[in-house]
Amino acid sequence: MGRVEGKIAIVTGATFVEQGGLNIGGATATELAADGARVVVADINIEGAQRLADILNERHGEKTALAYGLDLRNESEIEQLVQRTVEYFGAPAIVVNNAGIFPMDDGDVATMSVETWDNVLAVNLRAAMLMTKHTLPYLREHGGSIINTASTHAFAGDNSLTGYGATKAALLALTKYTATQYGKEGVRCNAICPGTTTTPPAQALPQEIKDIYIRHTMNPTLNGPTELAKAYLFLASDDSRGINGEVIRVDGGLLAHQPFVPDMRNLGMTTAESQ
């Protein structure tokens, strides 16, 4: 029996696209379905979500997955998603708040428009709160696991992506507040912070940019969506029942090292030798 056998999951930001394959949400839905869950894959890109649902239904049997298209900036659409999940599968026990955006105009503070700021907060932060809010009646009754996708941008600054970083840091607080408020009722809430991951957008980056990320990642290669999905499956399952309100970095060691280590390594030196 799978670790999430018979459980019902909602995964936002879950797609399969022809150019690049699975994103983190898509890989997570794939892992959950392979381990016995039934999954609703929700995304504004309904074509990509439907493609993923078709793959999972072909692989694991009819009515394994349901694709649902929505705009997460709209609370009524989130309510409808939860209602459709209950009607089609039953009460959700796993909620993965994975959807997020990092638009090109999310730059530095001096050039930030209020429209961009509000849009990033609406998708990355407010939608996670609203998904939690509208699934809590079911989770509080039966218990369950909420997993928020934050980022290593929650821990350190960048020369752009100001709104993105702010939302990811706020998600860590939302995670702890949710765990604190509903843990006694059997609701667990944890966050995963991916580093650079070989999702379809990352695959499209120039090689010079990829090389920088690889140089600063302590593992030999960058994580793919499947490496991330294994962590989501663990937090969704009862194997992690002792973990609540926790933040887990799955970044291949990106933030484990002193910033100068890659440069020292390129010089063939260690820090001790330079002193």
Side-chain angles (χ1 to χ4, degrees), residues 1-16 24-44 46 48-72 74-99 127-149 175 178-179 181-190 192 229 231-241 243-244:
M1 179 178 290
R3 285 174 286 177
V4 289
E5 189 74 35
K7 293 186 177 181
I8 296 158
I10 301 174
V11 184
T12 66
T15 63
F16 179 95
I24 292 173
T28 297
T30 299
E31 288 291 326
L32 291 170
D35 236 52
R38 289 172 289 172
V39 295
V40 178
V41 292
D43 198 87
I44 198 168
I46 184 57
Q50 187 61 61
R51 177 64 180 132
L52 175 59
D54 290 342
I55 291 170
L56 297 180
N57 286 327
E58 291 168 9
R59 189 176 297 169
H60 302 292
E62 189 178 355
K63 210 172 178 181
T64 294
L66 172 69
Y68 194 94
L70 82 164
D71 185 340
L72 285 164
N74 189 319
E75 182 174 10
S76 66
E77 294 188 32
I78 291 173
E79 288 184 272
Q80 292 164 19
L81 163 62
V82 176
Q83 291 168 5
R84 179 59 176 149
T85 300
V86 174
E87 292 167 359
Y88 193 77
F89 282 135
I94 300 164
V95 179
V96 180
N97 289 313
N98 176 72
M129 181 276 291
L130 291 172
M131 276 293 301
T132 300
K133 171 185 173 180
H134 289 293
T135 54
L136 270 171
Y138 305 99
L139 298 172
R140 294 172 77 180
E141 183 176 355
H142 304 291
S145 176
I146 302 167
I147 308 164
N148 294 322
T149 299
T175 296
T178 304
Q181 292 167 3
Y182 306 105
K184 289 293 187 183
E185 298 175 68
V187 179
R188 295 188 297 112
C189 186
N190 296 288
I192 288 177
Y232 285 88
L233 174 60
F234 169 69
L235 288 178
S237 76
D238 288 341
D239 286 351
S240 63
R241 60 186 174 272
I243 301 174
N244 199 7

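Note that this is a predicted model, so its numbers are computed, not measured.
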At what distance, to the nearest 0.5 angstrom, does [atom1] of [X] lie from [atom2] of [Y]?
{"X": "Leu130", "Y": "Leu72", "atom1": "CG", "atom2": "CG", "value": "9.0 Å"}
{"X": "Asp238", "Y": "Lys7", "atom1": "CG", "atom2": "NZ", "value": "4.0 Å"}
{"X": "Ile44", "Y": "Leu70", "atom1": "CD1", "atom2": "CG", "value": "7.5 Å"}
{"X": "Ser145", "Y": "Phe234", "atom1": "OG", "atom2": "CZ", "value": "10.0 Å"}
{"X": "Thr178", "Y": "Asn190", "atom1": "OG1", "atom2": "CG", "value": "10.5 Å"}
{"X": "Asn97", "Y": "Cys189", "atom1": "CG", "atom2": "SG", "value": "7.5 Å"}

For Glu62 and Asn57, run side-chain contact (heavy atoms from CB on, under 4.5 Å): C-alpha distance rounded to whole Å, both residues' side-chain angles, the deciding distance at 0.1 Å, then the answer. CA-CA 5 Å; Glu62 189 178 355; Asn57 286 327; 5.7 Å; no

Partner residues of [X] under the salt bridge (Lys or Arg N to Asp or Glu O under 4.0 Å) criterion, sequence neighbours left out:
{"X": "Arg3", "value": "Asp35, Asp239"}
{"X": "Glu58", "value": "none"}
{"X": "Arg241", "value": "none"}

Shortest non-hydrogen contact between [X] and [Y], atoms and distance:
{"X": "Gly6", "Y": "Arg38", "value": "O-NH2, 3.9 Å"}
{"X": "Ala49", "Y": "Asp43", "value": "CB-CB, 4.3 Å"}
{"X": "Ala236", "Y": "Ser240", "value": "N-OG, 4.4 Å"}
{"X": "Leu139", "Y": "Pro92", "value": "CD2-O, 3.4 Å"}
{"X": "Val39", "Y": "Ala29", "value": "CG1-O, 4.1 Å"}
{"X": "Val4", "Y": "Ile94", "value": "CG1-CD1, 3.9 Å"}

I'd like to check the side-chain hydrogen bond (donor to acceptor under 3.5 Å, both in side chains) partners of [X]; sequence neighbours left out, ordered by chain and number.
{"X": "Asn74", "value": "Ser76"}
{"X": "Thr15", "value": "Asn23"}
{"X": "His134", "value": "Glu75"}

Examine distances only and state if a side-chain atom of [X] and a backbone atom of [Y] form a donor-acceptor pair shorter than 3.5 Å.
{"X": "Arg188", "Y": "Leu235", "answer": "yes"}
{"X": "Asn98", "Y": "Val11", "answer": "no"}
{"X": "Gln83", "Y": "Gln80", "answer": "no"}

Derivation and outcome, side-chain contact (heavy atoms from CB on, under 4.5 Å), residues Phe89 and Leu66: CA-CA 9 Å; Phe89 282 135; Leu66 172 69; 4.0 Å; yes

Considering residues, nucleotides and ligands other than Lys184, do more than 12 of their heavy atoms fall under 6.0 Å from its NZ? no

Show, in sequence, the C-alpha distance, side-chain angles and deciding distance for Leu81 and Met131, and conclude whether the side-chain contact (heavy atoms from CB on, under 4.5 Å) test is met. CA-CA 9 Å; Leu81 163 62; Met131 276 293 301; 3.7 Å; yes

Please determine whether side chain to side chain donor-acceptor pair (under 3.5 Å) holds for the pair Tyr232 and Thr149, giving the CA-CA distance in whole Å, both sets of side-chain angles, and the decisive distance to 0.1 Å. CA-CA 9 Å; Tyr232 285 88; Thr149 299; 2.5 Å; yes

Less than 4.5 Å apart, side chain to side chain, heavy atoms only: is that true for [X] and [Y]?
{"X": "Thr28", "Y": "Leu233", "value": "no"}
{"X": "Ile146", "Y": "Tyr182", "value": "no"}
{"X": "Thr30", "Y": "Leu52", "value": "yes"}
{"X": "Val40", "Y": "Tyr88", "value": "no"}

Start with the C-alpha distance between Tyr138 and Ile8, add both sets of side-chain angles, then the distance that settles side-chain contact (heavy atoms from CB on, under 4.5 Å), and finish with yes or no. CA-CA 11 Å; Tyr138 305 99; Ile8 296 158; over 6 Å; no

